[in-house]
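Have a look at the structure below before the remarks.
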8 protein chains.
Amino acid sequence: GYATLDLQREARTGFPEVIYGEGKTSEQIFGIFNKLMEHHDKVLATRVSMDKANYVLEKLHIKYPNQTFYYHEAASTLHWINSTFQEKWKKGYIAVVCAGTSDLPVAEEAAITAELMGNKVERIYDIGVAGIHRLLNKARLIEDANVVIVVAGMEGALASVVGGLVSKPVIAVPTSVGYGASMNGIAALLAMLSSCASGVSVVNIDNGFGAGYFAATLTNT
Amino acid sequence: GYATLDLQREARTGFPEVIYGEGKTSEQIFGIFNKLMEHHDKVLATRVSMDKANYVLEKLHIKYPNQTFYYHEAASTLHWINSTFQEKWKKGYIAVVCAGTSDLPVAEEAAITAELMGNKVERIYDIGVAGIHRLLNKARLIEDANVVIVVAGMEGALASVVGGLVSKPVIAVPTSVGYGASMNGIAALLAMLSSCASGVSVVNIDNGFGAGYFAATLTNT
Amino acid sequence: GYATLDLQREARTGFPEVIYGEGKTSEQIFGIFNKLMEHHDKVLATRVSMDKANYVLEKLHIKYPNQTFYYHEAASTLHWINSTFQEKWKKGYIAVVCAGTSDLPVAEEAAITAELMGNKVERIYDIGVAGIHRLLNKARLIEDANVVIVVAGMEGALASVVGGLVSKPVIAVPTSVGYGASMNGIAALLAMLSSCASGVSVVNIDNGFGAGYFAATLTNT
Amino acid sequence: GYATLDLQREARTGFPEVIYGEGKTSEQIFGIFNKLMEHHDKVLATRVSMDKANYVLEKLHIKYPNQTFYYHEAASTLHWINSTFQEKWKKGYIAVVCAGTSDLPVAEEAAITAELMGNKVERIYDIGVAGIHRLLNKARLIEDANVVIVVAGMEGALASVVGGLVSKPVIAVPTSVGYGASMNGIAALLAMLSSCASGVSVVNIDNGFGAGYFAATLTNT
Amino acid sequence: GYATLDLQREARTGFPEVIYGEGKTSEQIFGIFNKLMEHHDKVLATRVSMDKANYVLEKLHIKYPNQTFYYHEAASTLHWINSTFQEKWKKGYIAVVCAGTSDLPVAEEAAITAELMGNKVERIYDIGVAGIHRLLNKARLIEDANVVIVVAGMEGALASVVGGLVSKPVIAVPTSVGYGASMNGIAALLAMLSSCASGVSVVNIDNGFGAGYFAATLTNT
Amino acid sequence: GYATLDLQREARTGFPEVIYGEGKTSEQIFGIFNKLMEHHDKVLATRVSMDKANYVLEKLHIKYPNQTFYYHEAASTLHWINSTFQEKWKKGYIAVVCAGTSDLPVAEEAAITAELMGNKVERIYDIGVAGIHRLLNKARLIEDANVVIVVAGMEGALASVVGGLVSKPVIAVPTSVGYGASMNGIAALLAMLSSCASGVSVVNIDNGFGAGYFAATLTNT
Amino acid sequence: GYATLDLQREARTGFPEVIYGEGKTSEQIFGIFNKLMEHHDKVLATRVSMDKANYVLEKLHIKYPNQTFYYHEAASTLHWINSTFQEKWKKGYIAVVCAGTSDLPVAEEAAITAELMGNKVERIYDIGVAGIHRLLNKARLIEDANVVIVVAGMEGALASVVGGLVSKPVIAVPTSVGYGASMNGIAALLAMLSSCASGVSVVNIDNGFGAGYFAATLTNT
Amino acid sequence: GYATLDLQREARTGFPEVIYGEGKTSEQIFGIFNKLMEHHDKVLATRVSMDKANYVLEKLHIKYPNQTFYYHEAASTLHWINSTFQEKWKKGYIAVVCAGTSDLPVAEEAAITAELMGNKVERIYDIGVAGIHRLLNKARLIEDANVVIVVAGMEGALASVVGGLVSKPVIAVPTSVGYGASMNGIAALLAMLSSCASGVSVVNIDNGFGAGYFAATLTNT
Ligand SMILES: Nc1ncnc2c1ncn2[C@@H]1O[C@H](COP(=O)(O)O)[C@@H](O)[C@H]1O
Ligand SMILES: Nc1ncnc2c1ncn2[C@@H]1O[C@H](COP(=O)(O)O)[C@@H](O)[C@H]1O
Ligand SMILES: Nc1ncnc2c1ncn2[C@@H]1O[C@H](COP(=O)(O)O)[C@@H](O)[C@H]1O
Ligand SMILES: Nc1ncnc2c1ncn2[C@@H]1O[C@H](COP(=O)(O)O)[C@@H](O)[C@H]1O
Ligand SMILES: [Mg+2]
Ligand SMILES: [Mg+2]
Ligand SMILES: [Mg+2]
Ligand SMILES: [Mg+2]
Ligand SMILES: [Mg+2]
Ligand SMILES: [Mg+2]
Ligand SMILES: [Mg+2]
Ligand SMILES: [Mg+2]
């Protein structure tokens, strides 16, 4: 068949396999989503376009009329939590910070993933370094988190500045916001990897999901 | 002067400023090291060549005859802990895994940094994916850690495999080991950022220090 | 004219010229396909979009009402085998392994090519390294093949792991599955070229055809 | 001959031709320096290694025993001002800010160039964003300048933060300080070009000379 | 909310926050534009597509029936100046030079930005180096400006030639005009950064806004 | 205005300014075409899409009912020769060779340009190195030309092989035909620049026009 | 310890672990070599510089006075075969073809590896495409092999031409021979991956070892 | 053996095989040089370091005491012309233009090659675009040549300006002169390929030899 599901992943890594929606047909997404529902209490699919989501949701609603499914348009995520589910993860407090309004979709993907994995998320949006005082005003709120996710495009400088301000681990997410020398996020990616602040680690460009997931494993350490 | 030390960094981020040895003269390294010793109980300098280390150590020994200084040749780190110092950080258990013998210098930089920040480190070296059973034999030992650092050059596949095996956060360090298409670590860097395993975040090429530091902030969360 | 067919290619290399569908008009594809049918018993065209395929198939059906033509939508291949044809190649057994469901189109292009060249193909799909046990379960099946094709996007780690597990030649096909640092397949390509496992060779990104063809020449050695 | 001096450059652009020392022999540098002295009151050569400088200085001292020549080791610049010279440029006040001690050679090249062109320079060194308060403490001093030069390697975030703090034009100079993903200054270069702060323009990696020169033309506008 | 406006930016840097239209919804652009109008006398949004502009303009016209809004189709800019506004900036004279007709959109973005910030702009278009006499004919007009903006795609040579002709600061804007080795503006960008003429600084590819803004800060020095 | 025509170009370089159609509006192309017709006997516009060509042709036909205009769809060129025109260039014989049918549009752009400049062109298409005998069969025909243009995508090997076979200058044109590691023509471009055959020079990716033009200047030497 | 030897590799993949000499100290190479000798009948170390080889050979000779060790200077390989050893691999006939004399070290690394693995190797050197007749003269000799290894730098065109001439699998090895646009082998690598000939697969730049190894697995299929 | 000389090359292409000195041992260079002398009247070796040249010259002088050999230190070329030789090529007049003194070695390699192939060469050095009048002063001298070679590093703008000034074919040679964004000649290479002037073709970075050779074939057309 087209899929060999990794049904032991939750046992090994603490969370079931997540569906990567890009490059899959609507039928394949539905098929895998459905199969995962039979073995887990939570299912998450990322990078699901509106069109595919409509198709999948329709078939899911028919098959599971008593369950609720969530599609977030900005974040392009589709997920389900079993109504009977009791959270087992240790609740952490995660700050999701982003530099500009244009970074919002990636920040939301991170926030939704972290919440789905049982964490409390504080969204602190549009506080990029061009107006550093916006960040300094929020420094306390950020320091209070267990982990900080910093989402930024263009030059991605926000990650370094936050990294130098707080004692908590900072997970940097470069975004593809920008043009020309931003090179679809490469500038921010290289900048974040080269950060002069210690305690910053990085995930892939636009990978809000990866940052949210990594943050959740941290709070569970 | 040539330096404006950030003496409040420990108060803000939990650890004093760390000296980046490359591009500094021996005299500058000594000057900054000496100054930091006056305000802190630990001082770390990274990327200090043997030549520079010899110069700096000589001047430090003369000035502080009763203190011990450590230079690690493979890792190129130079550090000092005040004999009177009592560890304040929460002790964590960190696994440092590397793919091949050639990755050892970077792995050691990570291990030394994590230890200096008060953690217990388990070194698990030379278990790259070309012989996957070497890794599977150590899976338990790795899962028991609070955080896992994976150091690998060439294609850097070890990070993905470890990421899929354990529930703990994995910090991947690409190394510049390899040639040709390895592009001085770019291949491993891109691969680690593109990992199909969730829960993997990445630091700069050969940045063992950054991985060790980040891991330490995690165990302190 | 627009084409100078290489009608001696089969005599030299064992297989007739294959049509590269991209950048050709439907009319050109039909013209070349038709011409090749006059000199050979098999014709293969790759990278033929649905639209072009429809046009070409219609004209072929009119001209050759008694022949069967095959179009594979996922793989975008169009081919024909003369009903009167007797296979001359030595039959080999080729394993086509892929990492994720999203890699399926490339894997199918490889499988169809290898089959058309007279081989038996075993499809082993969606066993990427994020769940390594899926691969270990299939290790025997893979070792039994004469040649192994490994198709993977993102970080492409599957090629190294398979390469370290079996004694058979491994042909790695990076795919453009992934985003950001995957750089449309460059990450997987560089990783596969830098593999720490010996006995791995690589073809172009998304070049399922090339892998299938190369594997077929191997079984004919 | 090996050189066609542009003796009208001062008339056109306000400053005589500057000698680019790299890729020239000591003999050629001396020859051009000597020739330019015959037509101008100031001569500057950049990127002159210690070895070449020694050779050139020796020959210059013999030929012009009554003149003073300046070689700056960190900046690798060699220059001469005629003792009889009266400054014609409008005096400006230029702040040269750098992120770390390792950026000093580039910052000095900028400062020396700007001074040679008749400006007053304030050096504000080692105030990178990992300790943002060092910068905030100097904000006033920086705002008071006519033009600000920001020199930074690694991720180059300092340029954006300064750009967002002051109303004066900011000229950003990326340096090759860093390793791995810093890519010899490419990371800082792309970041500075992608700055979310307005009013930032950029010169080549390690091009302190270009920044100092450009700043001087500004103060002359 | 989705935006944290930096309302002090005008006080700090001399001009209010500018809206980056890409990656924002029409609703978000309207919301931010509207908010900024409440605190400032000028509002500028860049990279606003025709579609988004129509939506935003409609809502602005309803809300502010007595105000005039300007949308420039080629430059994709949308702006507003309060009818009651009195210019406070020192008027400068800025020459905007471009190499070819295809560079016009970027040149216009620069010109509009500089005008909005209170400057007089001279547009000198389509005088690229393939016909150098077109440029030499305008040399006087260009030298008379306080600052020169040079907009060029393909190989971007115009910046170097202008830089060598005049004594005024030259701000180079590479454009994405060209194909193949032009690499969407990278060729021009690298060329401008590597200019053999002194006194040239560079902004991002297609960043007419940034050049106009930077030039305006210069005339205000 | 939007254009500063270089009406002396023909006097200087032997051929009037050629219109680059990309990034210009239909109206601009018409305007410039019209203007050039007033001063020259030939006008050429390249990279003119079908849509723009229709608009321009309609307006030209109305204005010049007695003149003939040529639009080549594959090559996307639009040109005009005055019916009263007498060729002044020395007639040369130029061979245009291409590797595959997919390279035809670029080869045609070269051929049309060379013909318009007064040369006799021999088209030798689809003789790529995968079937080297096709090329060897044509070696004589190629050697007889004054200049050879070689158009090839993918790995561009044809240029080296032709370069090693003939004594005539070879102008290599890399095309964007291919995928993955072909990188839109970069692979062929780098390969042609690195050719082990002497006597090969290179123009931009897909730049059939440039090759045709350059070849024409050669025959006029 | 610094090494975790994979002693089962021979059982799994048919050949013992090979030592990668770069980035290892002489002491480490000796240690691993020695250990591998205790478990296998053949040991191979690649990328061993002359200096390291001298150190290792001296210690090996002392420890194993009755054994013979081979160091190849051009190829930088060091190996040992037990005098008591009987070859178990199926003997294949492998042609190693190279384009120029400068590619010899890489070709030798391939040839030595293939021989060590029990194959007969025919060396056909310096027959690059600039003089295609050299290759055509050897076509028969090449076709007779079971597998062909093509080693070429610069534009790497030889791989495509050989691929189009023979029916046997072609393993292409790009080398770092060349300068400028050759980009240390990247041009040849991309070209070989983009080959218009079918049946070509590629290994890393300068990876003669990998090609020899892969070829040996083929003859064992 | 290590070399398969292409002794028919002169018959086919008009000039004997040229020795590429890099990556060859002194012994190999001598061996090939010697062999070529037996079949030709001219031998050229490029990229021969001083050390290798001394070795080769010594052995050549011993073997051929009555012949003259020329080594050019700046150009790193070594050549020989038989004293009995009569030039057969049509004499052309070639202008070699370079931008700066640092480009001299590459310009000399071009000039020597063109002279060796029977042409008259005019050297016009150090007339880069930063002082455009230097070029305009030489325009006539350049236009009078049959072919123009333009050698330039940094941004390589000189090629475009010359291309727009003259009617003769322009061969552009990018050099690796520059730093940072010059990227070892990549900036100049891309710029020259993207030239807005028609009639410019390009050879590899620092490939003076290739330009000289190509120019010579042109004058022989
Ligand atoms: N065309 C443009 N190019 C670069 N930066 C811009 C442009 N337009 C606006 N900006 C800046 O982008 C930032 C807006 O970020 P955001 O919060 O996403 O709106 C502000 O600091 C602006 O000054
Ligand atoms: N020249 C080479 N190129 C690529 N891989 C190699 C080479 N020589 C040895 N290897 C592989 O590199 C790995 C050794 O890694 P290490 O543990 O660092 O010695 C082994 O899996 C070898 O098969
Ligand atoms: N947005 C995402 N970014 C990166 N990886 C993802 C994302 N969503 C899911 N994944 C991972 O992608 C893999 C799915 O591959 P596939 O078998 O093609 O579905 C799983 O291992 C997921 O954990
Ligand atoms: N450090 C530098 N960086 C960039 N350009 C420079 C530098 N020093 C001198 N130049 C310029 O380089 C050109 C010198 O080229 P050349 O003829 O080779 O000496 C002059 O136009 C100088 O203005
Ligand atoms: Mg904002
Ligand atoms: Mg090992
Ligand atoms: Mg899957
Ligand atoms: Mg510092
Ligand atoms: Mg124009
Ligand atoms: Mg064809
Ligand atoms: Mg040779
Ligand atoms: Mg000069």
Side-chain angles (χ1 to χ4, degrees), chain F residues 6 8-18 20 44 46 92-94 113 117 139 143 145-149 163-174 186 189-190 192-205 207 209-221, chain H residues 6 8-18 20 44 46 89 92-94 113 117 139 143 145-149 163-174 189-190 192-205 207 209-221:
Chain F
D6 181 11
Q8 277 69 52
R9 191 168 304 180
E10 186 171 18
R12 281 197 328 276
T13 70
F15 199 81
E17 188 172 343
V18 172
Y20 175 66
L44 171 61
T46 64
Y93 162 32
I94 295 174
T113 302
M117 291 174 76
E143 175 64 32
N146 299 113
V147 196
V148 186
I149 294 174
L165 274 181
V166 301
S167 71
K168 301 307 163 46
V170 172
I171 305 160
V173 192
I186 299 283
L189 172 64
L190 297 180
M192 287 165 167
L193 288 164
S194 305
S195 178
C196 62
S198 311
V200 176
S201 82
V202 185
V203 297
N204 197 4
I205 297 166
N207 190 3
F209 159 69
Y213 189 106
F214 186 78
T217 67
L218 295 183
T219 64
N220 213 27
T221 301
Chain H
D6 180 13
Q8 277 69 52
R9 193 169 303 181
E10 187 169 18
R12 281 196 330 272
T13 70
F15 199 81
E17 189 173 340
V18 173
Y20 175 67
L44 171 61
T46 63
W89 284 68
Y93 163 31
I94 296 174
T113 302
M117 291 174 76
E143 174 64 33
N146 301 114
V147 196
V148 186
I149 293 173
L165 272 181
V166 301
S167 71
K168 299 308 163 45
V170 172
I171 304 161
V173 192
L189 172 64
L190 296 181
M192 286 166 167
L193 287 165
S194 305
S195 178
C196 62
S198 311
V200 176
S201 80
V202 185
V203 297
N204 196 5
I205 298 165
N207 190 6
F209 158 68
Y213 189 105
F214 186 78
T217 66
L218 295 184
T219 64
N220 211 27
T221 301

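Letters A, B, ... are given to chains in the order of the sequence lines, protein chains preceding strands, and every chain is numbered from 1.
Only the side chain of F:E143 comes within contact range of chain H, judged by heavy atoms closer than 4.5 Å. If you measure heavy-atom distances from F:V203 to chain H, the contacts under 4.5 Å come from both the backbone and the side chain. Heavy atoms closer than 4.5 Å to chain F are found in the backbone of H:V170, but not in its side chain. Using a 4.5 Å cut-off between heavy atoms, H:Q8 makes no contact with chain F at all. Within the 4.5 angstrom heavy-atom criterion, no atom of F:V18 approaches chain H.
The minimum heavy-atom distance linking F:S201 with H:S201 is given by the pair OG-OG, 2.5 Å. Shortest non-hydrogen contact noted between F:T13 and H:V166 is CG2-O, 3.5 Å.
Rounded to the nearest 0.5 angstrom, H:N207 CG and F:L193 CG are separated by 9.0 Å. Atom OG1 in H:T217 sits 8.0 Å away from atom CG in F:L218 (nearest 0.5 Å).
Proximity of F:I171 to H:F214: side-chain heavy atoms (C-beta onward) are separated by under 4.5 Å at one or more points. H:F209 places a side-chain heavy atom less than 4.5 Å from the side chain of F:S198.
Most heavy-atom pairs under 4.5 Å with chain H, from the set F:N204, F:L165, F:V202, F:L189: that is F:V202.
Without hydrogens or angle criteria, F:R9 side chain to H:G164 main chain gives no donor-acceptor distance under 3.5 Å.
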